[in-house]
Amino acid sequence: MSRLVPRIVKGFKDAPAASLHARRRMIETVRGVYESFGFEALETPAVEYVETLGKFLPESDQPDAGIFALQDGDEQWIALRYDLTAPLSRYVAQNIATLPLPFRRYQTGSVFRNEKPGPGRFREFTQFDVDTVGSASMVADAENCAVLARSLEALGLGGQVRIAVNNRKILDGVLERAGIAQGTLEAVTTLRAIDKFDKFGPEGVKLLLTTGRKDESGDFTKGAGLDAKAADTILAFMAAGQASRLATCDALGDAVRGSARGEEGVAELREIADLLSAMNLADETVAFDPAIVRGLGYYTGPVLEAQVTFEIKDEDGRTRQFGSVAGGGRYDGLVGRFLDRELPATGVSIGVDRLLSALDAAGRLDTGAAQGPVLVVVFDRAQMAEYVRIAEELRAANIPAEIFLGTGGMKPQLKYADRKGSPVAIIAGGDEFAAGTVSIKNLVLGAQVAATATTNEDFKAEAKAKAQVTVARSQMAATVRTMLADIAT
RNA sequence: GCCACCUUAGCUCAGUUGGUUAGAGCAUCGGUUUGUGGAACCGAGGGUCCCCCGUUCGAGCCGGGGAGGUGGUACCA
């Protein structure tokens with residue numbers, strides 16, 4: 001019979017203890033900020049009916065590629081959620097009679113995308129969202145910026161992030177000025193080209209706006225087919241960002257003059273600019289950036305993206321931009337799908353895994369590897385009840401303790417303690433039991449002794465002399481506690 | 001989806017023009033050392049050379065097809 005090969009599903013990953021520790025600390029910090037703005041907790045299921053997610057090919061009885069979908073017993077299509085926003089809109093619509101409106105909630109959880117994974121891109125990843133449903137006020141959008149800025153600050157990234165804000169209405173206005181009709185393929189391609197600015201620079205975007213662009217691998221991306229004049233209008237617009245938010249508003253106002261929709265977008269940004277100043281958010285922290293587009297699906301107003309400003313070196317030693325760790329915007333049409341009226345909404349989503357690796361790159365990751373438990377070495381199996389009592393005594397003193405449950409003698413047990421990161425081992429055999437004592441070994445100190453010892457005998461003798469004490473059973477918990485305190489400093 | 005590259009031990013890799021029994025380092029396990037982690041030394045286990053078909057007296061190596069992976073690109077709610 002052929003042996004089963006253990007393999008993890010492509011694009012998914014396991015999370016060992018060390019990474020979970022850092023992640024929990026991060027989520028707790030962000031949650032504190034979210035709650036300080038009045039957002040409340042919500043959890044929704046990992047699956048929804050596909051029509052809730054809003055992806056169903058009209059020409060096909062199969063849900064769109066890109067989501068993980070299956071048919072349940074009633075032949076209804078259900079799918080793993082691909083973001084937390086669509087489930088939120090379902091929840092609000094379903095409970096609108098009793099919810100406080102505007103409804104402000106935070107939520108974290110895994111989302112799933114059935115697509116080809118890339119470097120740093122997985123098919124399951126964690127988002128941490130805040131959204132405000134039922135308010136058209138620009139204060140909600142300004143608070144999106146603030147909540148992100150405060151969260152990133154609280155994580156130690158103050159001064160190393162830039163929150164870039166734009167408004168879809170302004171983009172629409174510029175397209176109008178360039179003579180591109182809304183909703184056409186030309187318009188969509190143009191917006192995508194603008195979104196590629198940070199990746200390909202002005203030359204690349206110009207190619208994408210006009211004839212198309214061929215990448216290094218030889219793949220060709222079709223251009224928007226604009227004439228040179230229209231392309232220049234777009235490029236000039238993208239460069240309109242100024243040092244201050246108000247100056248950028250002035251420049252954008254010029255760029256969209258005559259387009260009612262564009263001017264409305266600029267007016268919204270001006271309102272947001274006032275609010276940001278009132279919240280003491282500097283021009284460098286939250287900036288207006290005409291090249292921000294975000295997804296084409298559902299954003300209707302202000303959009304934003306949080307970017308880490310430092311560069312990182314990749315494996316090939318090249319420096320590159322870290323890129324964005326959070327994004328969001330206003331989506332006034334999404335909840336209305338379930339109601340007979342429109343319900344305005346806006347929110348942001350932190351990419352938890354991206355942000356964790358950004359913190360790692362910035363050296364701000366809380367790696368404080370959780371200290372392992374005290375290991376109770378099992379010497380004499382006939383005395384198991386006594387080892388259980390030892391462990392219970394330690395736990396009663398609030399010291400995490402574990403009894404070795406494997407097989408083998410002292411050597412494998414201490415090795416196990418090593419791998420587990422145990423700071424201390426309790427050793428009790430015939431001698432100790434007869435004398436009513438336990439031996440307590442400081443494994444951290446022992447490891448230091450090992451580094452200097454030359455022969456095996458030296459090591460053993462020295463480690464025993466320096467890193468081990470034998471005390472009366474009644475003194476055990478207190479001695480361990482002192483030893484743990486020593487190790488911690 | 002499209003393009004390029006890659007696949008040999010648990011991991012990282014070497015393997016000559018196509019030639020006998022496919023190697024190394026690390027890791028693992030055992031011993032030196034029955035109650036003390038590391039180092040050192042000695043020893044051991046571990047292989048469908050990704051799969052199938054073809055060429056050949058002979059294929060890890062050459063050809064065709066497939067699968068899986070990596071990177072780029074497209075899409076990204």
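In what follows, chains carry the letters A, B, and so on, assigned in the order in which the sequence lines appear, proteins first and then strands, with residues in each chain numbered from 1.
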Say you pick atom [atom1] in [N] and the same atom in [M]; how far apart are they, in whole Å?
N: B/rA27; M: B/rG10; atom1: C1'; result: 7 Å
N: B/rU70; M: B/rC53; atom1: C1'; result: 27 Å
N: B/rA40; M: B/rC49; atom1: C1'; result: 34 Å
N: B/rU21; M: B/rG66; atom1: P; result: 33 Å
N: B/rG23; M: B/rG46; atom1: P; result: 14 Å
N: B/rG63; M: B/rG68; atom1: P; result: 22 Å

[atom1] of [X] versus [atom2] of [N]: gap in Å, rounded?
X: A/I427; N: B/rG35; atom1: CD1; atom2: P; value: 12 Å
X: A/L84; N: B/rC76; atom1: CG; atom2: P; value: 20 Å
X: A/K466; N: B/rG37; atom1: NZ; atom2: P; value: 16 Å
X: A/L375; N: B/rU36; atom1: CG; atom2: C1'; value: 12 Å
X: A/D131; N: B/rA77; atom1: CG; atom2: C1'; value: 14 Å
X: A/K10; N: B/rG71; atom1: NZ; atom2: C1'; value: 14 Å
X: A/Q468; N: B/rG37; atom1: CD; atom2: P; value: 11 Å
X: A/E305; N: B/rA77; atom1: CD; atom2: P; value: 11 Å

Are OP1 or OP2 of [N] and a side-chain N or O of [X] less than 4.0 angstrom apart?
X: A/R419; N: B/rU28; answer: yes
X: A/R113; N: B/rA77; answer: no
X: A/K196; N: B/rC75; answer: yes

Requested in this report: Among B/rA74, B/rC29, B/rA77, find the nucleotide with the atom closest to the side chain of A/K199.
Outcome: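 Nearest to the side-chain atoms of A/K199, counting from C-beta on, is B/rA74.
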Which is true for [X] with a 4.0 Å heavy-atom rule: it touches a base, it touches only sugar-phosphate, or it touches nothing?
X: A/D418; value: base
X: A/Q413; value: nothing
X: A/D380; value: nothing
X: A/E432; value: base
X: A/Y298; value: sugar-phosphate

Checking side-chain polar atoms at under 3.5 Å, does [X] have a donor or acceptor matched by the opposite partner on [Y]?
X: A/Y416; Y: A/E402; value: yes
X: A/R104; Y: A/T132; value: yes
X: A/Q107; Y: A/R105; value: yes

Requested in this report: Fit a plane to each ring of A/F128 and A/Y106, take the angle between them on a 0 to 90° scale, and name the class: parallel (under 30°), tilted (30 to 60°) or perpendicular (over 60°).
Outcome: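 Judged by the thresholds at 30° and 60°, the geometry between A/F128 and A/Y106 is perpendicular.
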**Report entry** Whether A/F68 and A/F112 hold their rings parallel, tilted or perpendicular, with breakpoints at 30° and 60°
**Finding:**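 Because their plane-to-plane angle is over 60°, the rings of A/F68 and A/F112 count as perpendicular.
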Query raised in the report: With a 4.5 Å limit on heavy-atom distance, are the side chains of A/K420 and A/K415 in contact?
Result: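 No, too far: nothing below the 4.5 Å cut-off.
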Query raised in the report: With stacking defined as ring centroids separated by under 5.5 Å and planes differing by under 30°, is A/Y82 stacked against B/rA77?
Result: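 By the stated criterion, A/Y82 and B/rA77 stack.
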